[in-house]
Visitor: 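This structure is in structure tokens; I'll ask about it shortly.
For clarity, every value in this text was computed on a predicted model and none was experimentally measured. In what follows, chains carry the letters A, B, and so on, assigned in the order in which the sequence lines appear, proteins first and then strands, with residues in each chain numbered from 1.
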Protein chains: 2
Amino acid sequence: MQEDLFGECPYVTAQKLLTGKWTLLIMHHLSTNTMRFNELQRALPDLTQTTLTKQLRMMEDNGMIIRTAYNQIPPKVEYSLSELGHHFKPVLEALQVWGAEYIGYLKSNKCDNL
Amino acid sequence: MQEDLFGECPYVTAQKLLTGKWTLLIMHHLSTNTMRFNELQRALPDLTQTTLTKQLRMMEDNGMIIRTAYNQIPPKVEYSLSELGHHFKPVLEALQVWGAEYIGYLKSNKCDNL
DNA sequence: CAGCATCCCTCCCGATACTG
DNA sequence: CAGTATCGGGAGGGATGCTG
């Protein structure tokens with residue numbers, strides 16, 4: 001857990017935690033299920049293993065997700081939301097609503113231009 | 001208004017729109033007031049004119065904010081939220097709650113380690 | 001299966017200086 | 001006052017190949 005986000009404005013903190021290009025997507029997928037590494041990869045095909053690994057490490061360090069490794073062959077690793085991660089759900093819901101509205105707005109604009 | 005965010009998942013869209021390092025902070029400040037360029041600069045001292053200008057242009061292109069220029073000497077330019085921008089407020093509120101909780105969580109952890 | 005090591009590269013951001 | 005022009009650095013993201 002890093003400590004340099006200390007004592008800041010909530011928005012500064014939030015911005016730092018969401019900078020990652022994929023954070024939101026990962027949070028979204030984990031908000032409904034615990035998922036294995038491979039499942040996440042399939043859910044997010046535009047992102048390579050390397051990048052996914054880095055993102056997951058970051059989010060684990062930030063305390064947003066929990067990594068559970070089972071010592072077995074073949075390996076099995078599961079990712080789930082932490083307590084803090086679960087409390088992030090309202091943000092996800094608000095973002096989904098807004099994102100959908102934004103897309104709708106773009107579409108209507110495009111139609112207007114035809 | 002760019003068109004390449006078309007037909008995507010709301011989360012992908014949202015992530016793209018929030019990539020900017022300062023987007024959230026600017027949205028927060030504009031959510032309560034219309035502000036002039038200088039006022040924004042003073043409210044966000046860690047960000048240079050160049051960067052602020054670029055961010056504002058991006059957000060204007062995205063349709064999140066509205067730029068109003070008055071043709072006068074000295075120049076006067078005001079920034080405010082667009083319709084879409086106003087609808088972003090629920091996200092801001094959810095983020096504030098969560099950011100505050102996150103900070104509190106960090107603090108309690110730090111105390112545990114002392 | 002779930003990574004790590006390495007290298008690379010782009011784009012974001014910032015510093016500085018100048019303008020209508 | 002509210003910018004633009006130019007240059008540059010660095011971090012985040014990606015491609016490839018290898019491993020327990």
Side-chain angles (χ1 to χ4, degrees), chain A residues 2 4-5 8 11-27 29-30 33-62 64-80, chain B residues 2 4-5 8 11-27 29-30 33-62 64-80:
Chain A
Q2 54 197 21
D4 63 338
L5 305 143
E8 311 231 34
Y11 294 110
V12 177
T13 305
Q15 181 101 55
K16 284 183 184 169
L17 295 172
L18 300 181
T19 40
K21 200 170 167 183
W22 305 100
T23 319
L24 238 49
L25 281 301
I26 296 174
M27 289 300 287
H29 284 291
L30 292 182
N33 313 301
T34 291
M35 290 176 84
R36 297 183 59 172
F37 189 85
N38 248 9
E39 295 181 294
L40 276 170
Q41 251 194 286
R42 252 169 290 143
L44 304 162
D46 292 340
L47 155 165
T48 60
Q49 296 111 333
T50 316
T51 308
L52 179 55
T53 303
K54 285 181 194 170
Q55 289 288 325
L56 290 170
R57 289 282 175 274
M58 273 186 41
M59 292 167 74
E60 194 192 352
D61 289 345
N62 290 339
M64 298 173 76
I65 64 174
I66 292 175
R67 194 184 102 109
T68 312
Y70 300 87
N71 270 340
Q72 62 182 48
I73 304 293
K76 178 179 172 184
V77 179
E78 283 185 341
Y79 293 92
S80 58
Chain B
Q2 53 197 21
D4 62 338
L5 304 144
E8 311 232 35
Y11 294 110
V12 176
T13 305
Q15 182 102 54
K16 283 184 185 169
L17 294 172
L18 299 181
T19 40
K21 199 171 166 184
W22 305 101
T23 319
L24 239 49
L25 279 302
I26 296 174
M27 288 301 284
H29 283 292
L30 291 183
N33 313 299
T34 291
M35 290 176 83
R36 299 183 57 172
F37 188 87
N38 248 8
E39 294 181 295
L40 276 169
Q41 252 194 286
R42 252 168 288 144
L44 304 163
D46 291 342
L47 158 165
T48 59
Q49 295 113 332
T50 315
T51 307
L52 180 55
T53 302
K54 285 181 195 167
Q55 289 288 326
L56 290 170
R57 288 282 175 274
M58 272 186 45
M59 296 168 72
E60 194 194 351
D61 289 344
N62 289 339
M64 300 175 75
I65 64 173
I66 292 174
R67 195 185 100 111
T68 313
Y70 299 86
N71 268 339
Q72 60 181 51
I73 305 292
K76 178 178 171 182
V77 179
E78 284 184 340
Y79 294 92
S80 59

Visitor: For a 4.5 angstrom cut-off between non-hydrogen side-chain atoms, does A:Tyr79 reach A:Ile26?
Guide: no

Visitor: Would you kindly compare B:Tyr79 and A:Lys21 by the position of their nearest DNA chain D nucleotide and give the one closer to the 5′ end?
Guide: B:Tyr79

Visitor: Whether the side chain of A:Gln15 engages the backbone of B:Gly20 through a donor-acceptor N/O pair (distance < 3.5 Å, no angle test) should be reported.
Guide: yes

Visitor: Between the base of D:dT16 and the side chain of A:Thr48, is there a donor-acceptor distance below 3.5 Å?
Guide: no

Visitor: Rounded to whole Å, please give me the gap between CG in B:Leu18 and C1' in C:dC12.
Guide: 16 Å

Visitor: Select one nucleotide: of C:dC1, C:dG3, D:dC1, the one nearest the side-chain heavy atoms of A:Arg36.
Guide: C:dC1

Visitor: Examine D:dA2: is either OP1 or OP2 under 4.0 Å from a nitrogen or oxygen in the side chain of B:Arg67? Give yes or no.
Guide: no

Visitor: Can you tell me the distance, in whole Å, between the CD atom of A:Gln15 and the P atom of C:dC13?
Guide: 9 Å

Visitor: Under 3.5 Å, is there any donor-acceptor pair linking the side chain of A:Lys54 to the base of C:dG3?
Guide: no

Visitor: Start at the 5' end of DNA chain C and walk down; is the nucleotide closest to A:Thr50 or to A:Val77 reached first?
Guide: A:Val77

Visitor: I need the CD1-C1' distance between A:Ile73 and C:dC1, as an integer number of Å.
Guide: 9 Å

Visitor: Are any non-hydrogen side-chain atoms of B:Asn33 and B:His29 less than 4.5 angstrom apart?
Guide: no

Visitor: Among D:dG14, C:dG20, C:dC13, find the nucleotide with the atom closest to the side chain of B:Pro75.
Guide: C:dG20

Visitor: Whole angstroms only, please: what is the CG-P distance between A:Asp46 and D:dG13?
Guide: 14 Å

Visitor: What is the distance, rounded to the nearest whole Å, between atom CG of A:Leu56 and atom C1' of C:dC4?
Guide: 14 Å

Visitor: Pick base, sugar-phosphate or nothing for B:Gln55, based on heavy-atom distances below 4.0 Å to the nucleic acid.
Guide: sugar-phosphate

Visitor: Let's see if you can work this out: which of D:dG3, C:dG14, C:dC1 has an atom nearest to the side-chain heavy atoms of B:Thr51?
Guide: C:dG14

Visitor: Roughly how many Å is it from CD in A:Glu60 to C1' in C:dG3, rounded to a whole number?
Guide: 13 Å

Visitor: Can you measure B:Gln49 atom CD to D:dC7 atom P for me and round it to whole angstrom units?
Guide: 19 Å

Visitor: Residues two or more places apart in sequence or in another chain: which of them pass salt bridge (charged side-chain N to carboxylate O under 4.0 Å, His left out) with A:Arg67?
Guide: none

Visitor: Do A:Leu56 and A:Ile65 touch side chain to side chain, with heavy atoms closer than 4.5 Å?
Guide: yes

Visitor: Would you kindly give the NZ-to-P distance between A:Lys16 and D:dA11, to the nearest whole Å?
Guide: 14 Å

